[in-house]
Amino acid sequence: MNKEFSHAVQIRAQRDGQFVFILDPSLPFQMILRYLEKRWEESNRFFKSAKIVIDLGLRPFRFDEIIALRDLLKNQWHANVTELRLGHRFDSFFEWASKQIGIPIHQIPFQEKEPEPVIIKQTCRSGTRIETPQDCVVLGDVNPGAEIIAGRDIIVFGVLRGIAHAGAYGNRDSKIWALSIEPSQLRIADLVAMPPREDKPPQTKRYEIAEIKDDRIQVTSF
């Protein structure tokens, strides 16, 4: 199971005994299903008859995917899906619901305060996953194995060595700031950048910014 595949579904236990399955927003659905089939084979039936909450997070709602996922968990895992969480992307759900009742559905816009950034006051270690529709500020390092996903900018007051995905809703103007950018993977909107394999020569710098220029992610040192 490669590294990308291992992020297909994050599983968290709740205090009420239910398990929350958070689906990776960037992977094809068939890869999600293959991951669950393999996880079932490796779990020694740990999840048999479990109560499961499906959290779409940043993944768009797809009725056919939800049904396929529910059927897999029911028929193979003998588990019950007790709740579906839509995360922050409602457009596809409204489109599906509109087709069901035959009339258009529009969300009424309302005035909101400028959203405040999410501030993480610690180093993000391996296994940590921070997900927010706002800006995300990390007061510490982002270590390998940690993942930061933000709808807007990501600012790291430390070294970025994990995965960072800014502009997760598709905003290509989003940026990733860090004192040093040495990630395992960078993402901005729909673009992905992998770090060079060779060691970067030491240089004096105050901070670095990753942003989209000429349809690719570029890192600039200051």
Side-chain angles (χ1 to χ4, degrees), residues 1-93 96 118 120 124-133 136 138 142-151 154 161-170 183-192 194:
M1 189 180 296
N2 61 41
K3 190 174 183 180
E4 286 295 318
F5 195 70
S6 68
H7 286 279
V9 180
Q10 289 199 31
I11 299 178
R12 298 174 182 171
Q14 294 189 152
R15 290 185 176 181
D16 60 4
Q18 297 189 103
F19 294 94
V20 181
F21 283 22
I22 304 172
L23 311 187
D24 189 300
S26 63
L27 293 179
F29 183 66
Q30 290 304 318
M31 189 171 288
I32 299 286
L33 293 182
R34 289 202 299 274
Y35 171 84
L36 289 175
E37 289 170 352
K38 189 170 182 59
R39 186 66 183 263
W40 169 253
E41 294 172 359
E42 298 174 347
S43 67
N44 196 25
R45 297 178 180 269
F46 177 79
F47 294 101
K48 185 178 182 180
S49 303
K51 294 180 179 179
I52 294 174
V53 176
I54 298 175
D55 187 342
L56 295 183
L58 298 176
R59 194 178 184 88
F61 172 85
R62 285 277 306 271
F63 178 74
D64 56 331
E65 291 183 354
I66 298 302
I67 294 301
L69 190 57
R70 184 199 63 182
D71 290 347
L72 172 71
L73 294 172
K74 180 179 179 180
N75 298 328
Q76 186 181 68
W77 295 44
H78 306 287
N80 295 314
V81 176
T82 59
E83 182 182 341
L84 173 65
R85 297 175 181 171
L86 294 181
H88 305 284
R89 300 182 65 172
F90 303 111
D91 291 348
S92 56
F93 177 78
W96 171 79
V118 170
I120 310 299
C124 296
R125 306 187 187 284
S126 178
T128 301
R129 178 185 171 99
I130 308 296
E131 184 176 318
T132 173
C136 184
V138 179
V142 177
N143 288 344
E147 187 172 4
I148 308 296
I149 301 173
I154 295 174
R161 296 191 179 93
I163 297 174
H165 186 181
Y169 298 136
S184 52
Q185 185 183 92
L186 283 182
R187 297 182 183 181
I188 297 178
D190 57 319
L191 298 184
V192 180
M194 304 297 291

Could you tell me which non-hydrogen atom of F29 sits nearest to which non-hydrogen atom of A68, and how far apart they are?
CE2-CB, 3.8 Å
Quick check: do C136 and I120 have side-chain heavy atoms less than 4.5 Å from each other?
yes
Using side chain to side chain donor-acceptor pair (under 3.5 Å) as the criterion, list what pairs up with D16, not counting sequence neighbours.
Q14, Q18
CG (L58) and CD1 (I22) are apart, to the nearest 0.5 Å, by 10.5 Å
Can you tell me how far CD1 of I148 sits from CD1 of I154, rounded to the nearest 0.5 angstrom?
6.5 Å
Please name the pair of heavy atoms, one in A79 and one in F47, separated by the smallest distance, quoted to 0.1 Å.
CB-O, 4.2 Å
If you measure from CG on L69 to CZ on F21, what distance do you get to the nearest 0.5 Å?
8.5 Å
Heavy atoms only: give me the nearest I163-S184 pair and the separation to one decimal.
CG1-OG, 3.3 Å
Using only atom types and a distance under 3.5 Å, with no angle test, would you say the side chain of H165 pairs donor to acceptor with the backbone of A189?
yes
Does any part of the side chain of I32, heavy atoms only, come nearer than 4.5 Å to the side chain of R59, both counted from C-beta?
yes
Listed once per pair and sorted, the side-chain hydrogen bond (donor to acceptor under 3.5 Å, both in side chains) pairs that draw on residues 68-81, sequence neighbours left out:
none
Can you name the closest pair of heavy atoms from V142 and V138 and give their distance?
CG2-CG1, 4.1 Å
Distance (rounded to the nearest 0.5 Å) between I11 CD1 and D55 CG
12.5 Å
Under a 4.5 Å cut-off applied to non-hydrogen side-chain atoms, are R187 and S26 in contact?
yes
List for me each residue that meets side chain to side chain contact (heavy atoms under 4.5 Å, CB included) alongside F93, sequence neighbours excluded, and say none if there are none.
F61, L86, W96
Of all residues at least two apart in sequence or in a different chain, which pass the salt bridge (Lys or Arg N to Asp or Glu O under 4.0 Å) check with D64?
R62
Shortest non-hydrogen contact from L72 toward E37:
CD1-CG, 4.1 Å
With sequence neighbours left out, what residues match R85 under salt bridge (Lys or Arg N to Asp or Glu O under 4.0 Å)?
E83
Would you give the length of the straight line joining atom CE of M31 to atom CG of L23, rounded to the nearest 0.5 angstrom?
13.5 Å
Residue pair T128 / N143, side-chain heavy-atom distance below 4.5 Å:
no
Which residues pass the side chain to side chain donor-acceptor pair (under 3.5 Å) test with R129, sequence neighbours left out?
E131, E147
